[in-house]
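What follows is a single structure, written as structure tokens, with notes after it.
Chain A is the first sequence line, chain B the second, and so forth, proteins listed ahead of strands; every chain is numbered from 1.
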Protein chains: 2
Amino acid sequence: MAKHNAAPAACEPYPRPLCTVDVIILTLLDATLQVLLVQREDAPGEPFPGRWALPGGIVDTQHDRSLEDCARRKLLDKTGVVAPHLEQIGSWGDAVRDPRGWSTTHVYLALLPAATLHPRRGGNAADLRWFPLEPPAGGPALPPLAFDHARLLGAGLARLRGKAEYTSLPIYLLPQTFTLSELQAVFQVVLGRSLEKKAFRTRILASGLVEELDEMKETSRRPARLYRRKTDEGLHYFPRALESHGGSVGPS
Amino acid sequence: MAKHNAAPAACEPYPRPLCTVDVIILTLLDATLQVLLVQREDAPGEPFPGRWALPGGIVDTQHDRSLEDCARRKLLDKTGVVAPHLEQIGSWGDAVRDPRGWSTTHVYLALLPAATLHPRRGGNAADLRWFPLEPPAGGPALPPLAFDHARLLGAGLARLRGKAEYTSLPIYLLPQTFTLSELQAVFQVVLGRSLEKKAFRTRILASGLVEELDEMKETSRRPARLYRRKTDEGLHYFPRALESHGGSVGPS
DNA sequence: TCAATAGTGTCTCTCAGACACTATCAA
DNA sequence: TTGATAGTGTCTGAGAGACACTATTGA
């Protein structure tokens, strides 16, 4: 074991870059996409003190069994929950993105329902906060982010929005039980445009993604049927994209 | 510069993992998808001596400006050409995939036309060879690969095949000029099934991806119109996937 | 009764699949 | 002429968009 993590061998003339993982944790709060950010420590030697950043950090080769394991750990650490969706977005590595030198980051996207968050661990500590991605008029804008995290967040959002055009991905922003109107609202928030109700419902019901429950959601108006996301179904690829992608411009 | 690549700081109690890049270089030769592999050195301390592996290796933090830059360098090094398509597939990192210890690899997929390869640098050295992915009956099968490269190659192929269902990706396996029959053949090889001629041609021509040339390709039969891939068009997302994905099973 | 939200009926349009048909070359 | 490959005409069907319609609740 000690041998495994020995210093670079003679055949390895280059210094190893710093290896980190960052997690884009998204949820839906107040009918808005929100991202969980942490405020960086104000300690000597720490880059970007006081700045907001994606949760993440250096891979712990003693305890993390893999990159994905590291991402899961950081997610659990910040939210206290296991996200129903976690995927790798990509990796970025160069000499300038971290002032400490050549570094790599492995970026993951986690989607989770806001309802599952504990009030305390769900991101309400002083150094941990949810930020709306499209702040209401006059509301708080996203702060400047540490490192190249704005770019990483952009890539994660592009992935989510791109996949929302032809997969069921945004379903993971909801609890397992929901109404079709709620699901449509989630897609609309992610895509930033409204969708046609009948077409949307047909699309979802034909997909076999959800099962009808006997219960209804009681609201102030007409009650709505509840559906449950089938756990054994993975991400669904619809046979068609939702709308023209404006020609040849596709998702990332 | 020297400071940037200094040893891990005190705030970094974990040994840094080995950082590598591997490139899946695919082309179409003899109407078959082929992957370029290198035979590993038989030197002391080198893992998997004599085994075939994806081209790649340790990131050179002195010369590689970024991970992608490193992939481009390795590609140029092995093939002598700049591939018309290079994308990141993903990253894998854990303690066991490399016997030397905790390591990460950043996997890229390169697609290129066989015609552009120089006969010498195109992969004909003793330790560099093209291997057909679906060998003709009785032909040479893919050898066992070093490290977890079989898994990495599988992920690259899944990406190519998945995207072939709803994007123009396989077009990069051809030279810039081709006939529609040739293009259809490429898609068929990638997808492993035959496609309907009329639908395929309509799909391509409606996409605006190609422009008609005045020239014809003279063959032994009726000459075929030549088309040229427009360089300013990127990857095209078709409005529909080619066929049912067998329910909810989608591309990676 | 009305306002609001849930949910349906039905037409149109686009585009992939099927498949038979014509066109153009060499031998 | 035939064989082979290039390329077209045209019908079908799935599924997204549009939009008007009905249904069910609280106030």
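Between Pro223(A) and Glu196(A), it is Glu196(A) whose nearest contact on DNA chain D lies nearer the 5' terminus.
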(request) Determine, step by step, whether Glu165(A) and Arg193(A) satisfy the salt bridge (Lys or Arg N to Asp or Glu O under 4.0 Å) criterion, reporting the C-alpha distance in whole Å, the side-chain angles of both residues, the deciding distance to 0.1 Å, and the verdict. (result) CA-CA 11 Å; Glu165(A) 299 281 356; Arg193(A) 67 178 191 268; 3.0 Å; yes

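In this structure, the CG atom of Leu195(B) is 7 Å from the P atom of dG17(C), given to the nearest Å. For Leu183(B) and dA6(D), the CG to C1' distance is 15 Å, given to the nearest whole Å. One interatomic measurement links the two molecules: CG of Leu191(B) to P of dA16(C), which rounds to 14 Å at whole-angstrom precision. Distance Lys197(A) NZ to dC21(D) C1': 10 Å, rounded to the nearest Å. Atom P of nucleotide dG13(D) and atom CG of Leu242(B) are separated by 21 Å, given to the nearest angstrom. Rounding to whole angstrom units, CD1 of residue Ile204(A) and C1' of dG7(C) are separated by 15 Å. Rounded to whole Å, atom P of dA16(D) lies 11 Å from atom CZ of Phe200(A). Per the geometry, CD belonging to Gln188(B) stands 11 Å off P belonging to dG17(C), to the nearest Å.
Considering OH of Tyr227(B) and OG1 of Thr177(B), their distance stands at 12.5 Å, rounded to 0.5 Å.
OP1 and OP2 of dT5(C) both lie 4.0 Å or more from every side-chain N or O belonging to Ser181(A).
For Arg225(B), the listed nucleotide lying nearest its side chain is dG7(D); candidates were dG7(C), dG7(D), dC19(C). Of the candidates dT8(D), dA16(D), dA16(C), dT8(D) carries the atom nearest the Arg201(B) side chain, counting heavy atoms from C-beta on. Among dG17(C), dT10(D), dG17(D), the nucleotide with an atom closest to any side-chain atom of Lys198(B) is dT10(D).
Ring centroids of His236(A) and Phe238(A) are separated by less than 6.0 Å, placing the two rings close together.
Ring geometry, Tyr237(A) versus Tyr166(A): the interplanar angle falls from 30° to 60°, so the pair is classed tilted.
Each of Leu111(B), Leu160(B), Leu169(B), Val107(B) was compared with Glu87(B) under the side chain to side chain contact (heavy atoms under 4.5 Å, CB included) criterion, and only Leu169(B) meets it.
In the region residues 214-222 of chain B, proximity to DNA chain D at under 4.0 angstrom, judged on heavy atoms, holds for Arg221(B), Arg222(B).
Asp232(B) CG: more than 12 foreign heavy atoms inside a 6.0 Å radius. Heavy atoms of other residues, nucleotides or ligands lying less than 6.0 angstrom from NZ of Lys230(B) number more than 12.
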